[in-house]
Protein chains: 2
Amino acid sequence: MEKFGTYSFLLDRTSKRVKQYAQQRFKEEDFDITVDQWLVLKNLNEHNDQNQSQLAEVTGKDHPTLTRILDLMCKKGLVERKACAGDRRSFIIHLTDFGKSKQKEWVPKVDKIRAKAWENLTEQDYQDLKRILNTIYESLS
Amino acid sequence: MEKFGTYSFLLDRTSKRVKQYAQQRFKEEDFDITVDQWLVLKNLNEHNDQNQSQLAEVTGKDHPTLTRILDLMCKKGLVERKACAGDRRSFIIHLTDFGKSKQKEWVPKVDKIRAKAWENLTEQDYQDLKRILNTIYESLS
DNA sequence: TAATAATAATTAGTACAACAAATATATTGT
DNA sequence: ACAATATATTTGTTGTACTAATTATTATTA
């Protein structure tokens, strides 16, 4: 049982490295965006005009964190908060034309950066990792 | 290639959940410690009296982060900074008797908490995960 | 309808992560 | 010995995570 103490260390260390690597490459390519902001941009591109609760759910961010990520993205003009017609408590998060153009510009380069981690692994490894991570996630829910 | 965009999300989401789960259980058990502080405590218990650079290396923390983790652990009396005889730039981080007793008290419960994530997986899964995570880590180094 | 509960988002406080820059001390090459 | 370089740690800044509390609005129910 004690040996399982190490998986949490490896998981933490690896996800940190993956994020750090992407962030460094984003900087080198002069993408003016953080990795977490990219995740939001990507999700909005697939499904625009969500409210913050929906967006928090799909990105796996909690509400206060998402609030601050969106504050920063609004400042950059990538997204805007629009009033929600049916519910005055909500904001609709809208990916702007500027945001869309940036997403389109960056996405091929991001895919290339993300693929780097995978260069010494197989399709089977990818399927195994997905299954194992999702099983862990479910076990702790 | 585009499909590999999801592994980073799953990795981030799962390691966050693992950390969050452990932290919640630590709180429930009234361990007065964070998950990152625990990692330092555990490493010092295995090898006491390291300097901060060594400790940063084995815990995978960068130096500024470790400095702040140790500041908090010093306040709680778990560790102390001692002058290093041969090098006045360094501090030797010493796990106190109090720190040792707490480590001993908490370690069986921590192992149990850590094992929870693994309840629906096999030994082979464990070996695969270790190998895949280490391969990713190396590919991005 | 008025009181209560639930929901959407924000704010505040504490902790950690990554990076850059600063400080102090050691080591190296000449 | 002196200058240049390297090492150990700290400080400052920005961004993210989690908790609790707050505000505004909507839904429920007595």
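Hydrogens, waters and symmetry mates play no part in the numbers below; they use all other heavy atoms, side chains included. Numbered from 1 within each chain, the chains take letters A, B, ... in sequence-line order.
Sequence order on DNA chain C of the closest nucleotides to A/Lys16 and A/Leu66 puts A/Leu66 first from the 5' end.
Near-neighbour residues of DNA chain C inside residues 20-35 of chain B, defined by a heavy atom below 4.0 Å, number-ordered: B/Thr34. Sorted by residue number, the members of residues 47-54 of chain B with any non-hydrogen atom under 4.0 Å from DNA chain D read B/Asn51, B/Gln52, B/Ser53. Contact check of residues 80-88 of chain B against DNA chain C (heavy atom, cut-off under 4.0 Å) returns B/Asp87, B/Arg88.
Residue B/Asp36 is tested with B/Arg68, B/Lys42, B/Lys19 for a salt bridge (charged side-chain N to carboxylate O under 4.0 Å, His left out); the sole match is B/Lys19. Just one of A/Lys102, A/Gln103, A/Lys104 meets the side-chain hydrogen bond (donor to acceptor under 3.5 Å, both in side chains) condition when paired with A/Asn45; it is A/Gln103.
Rounded to whole Å, atom C1' of C/dC16 lies 13 Å from atom CG of B/Leu70. Rounded to whole angstrom, the span from the CD1 atom of A/Ile69 across to the C1' atom of C/dA9 amounts to 15 Å. If you take CG of B/Leu39 and C1' of C/dC16, they are 13 Å apart, rounded to a whole angstrom. Counting to the nearest Å, the P atom of C/dA17 and the CG atom of B/Asp12 are 13 Å from each other. Residue A/Asp62 contributes atom CG, which lies 17 Å from atom P of D/dG15 at whole-angstrom precision. Atom CD1 of A/Ile93 and atom P of C/dA8 are 13 Å apart (whole Å). The interatomic distance linking A/Met73 (CE) with D/dT16 (P) rounds to 10 Å, in whole Å. Rounded to an integer number of Å, the gap from CZ of A/Phe91 to C1' of D/dT25 is 12 Å.
Residues satisfying the salt bridge (charged side-chain N to carboxylate O under 4.0 Å, His left out) criterion with A/Arg17, sequence neighbours excluded, are absent altogether. The salt bridge (charged side-chain N to carboxylate O under 4.0 Å, His left out) check on B/Arg88 picks up nothing, with sequence neighbours excluded. Under the rule for a salt bridge (charged side-chain N to carboxylate O under 4.0 Å, His left out), A/Lys27 has no partner lying at least two apart in sequence or in another chain. B/Phe91 meets the side chain to side chain contact (heavy atoms under 4.5 Å, CB included) test with B/Gln52, B/Arg81, B/Ile93; sequence neighbours excluded. In this structure B/Glu57 satisfies the side chain to side chain contact (heavy atoms under 4.5 Å, CB included) test with no other residue, sequence neighbours excluded. Among residues two or more places apart in sequence or in another chain, the salt bridge (charged side-chain N to carboxylate O under 4.0 Å, His left out) test is passed with A/Asp87 by A/Arg89. Applying the side chain to side chain contact (heavy atoms under 4.5 Å, CB included) criterion to B/Thr135, with sequence neighbours excluded, gives A/Asn120, A/Leu121, B/Arg131, B/Ser139. In this structure, the side chain to side chain contact (heavy atoms under 4.5 Å, CB included) partners of A/Lys130, at least two apart in sequence or on a different chain, are A/Tyr126, A/Gln127, B/Leu10.
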Show your reasoning for whether side chain to side chain donor-acceptor pair (under 3.5 Å) applies to A/Glu138 and A/Asn134. CA-CA 6 Å; A/Glu138 292 304 325; A/Asn134 282 326; over 6 Å; no

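Of the side-chain N and O atoms in A/Lys61, none sit less than 4.0 angstrom from OP1 or OP2 of D/dT16. Contact check, A/Ser90 against C/dA9: a side-chain N or O comes under 4.0 Å of OP1 or OP2.
Here the side chain of A/Tyr7 pairs a donor or acceptor atom with the backbone of B/Arg114 at under 3.5 angstrom.
D/dT14 is paired with C/dA17 under the criterion used here, namely a Watson-Crick or G-U wobble arrangement in which both key atom distances are under 3.5 Å.
In this structure, the nucleotide among C/dA9, D/dT26, D/dT16 sitting nearest to the side chain of A/Arg89 is D/dT26.
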N/O-N/O pairs, protein side and nucleotides 11-14 of chain C side, under 3.5 Å:
{"unit_1": "C/dA12", "atom_1": "N7", "unit_2": "A/Arg68", "atom_2": "NH2", "d": "3.0"}

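Taking the six-membered ring where tryptophan is involved, the planes of A/Phe26 and A/Trp38 are perpendicular, since the angle between them exceeds 60° and thus also 30°.
Going from atom OG1 of A/Thr14 over to atom CZ of A/Phe9 covers 8.5 Å, rounded to the nearest 0.5 Å.
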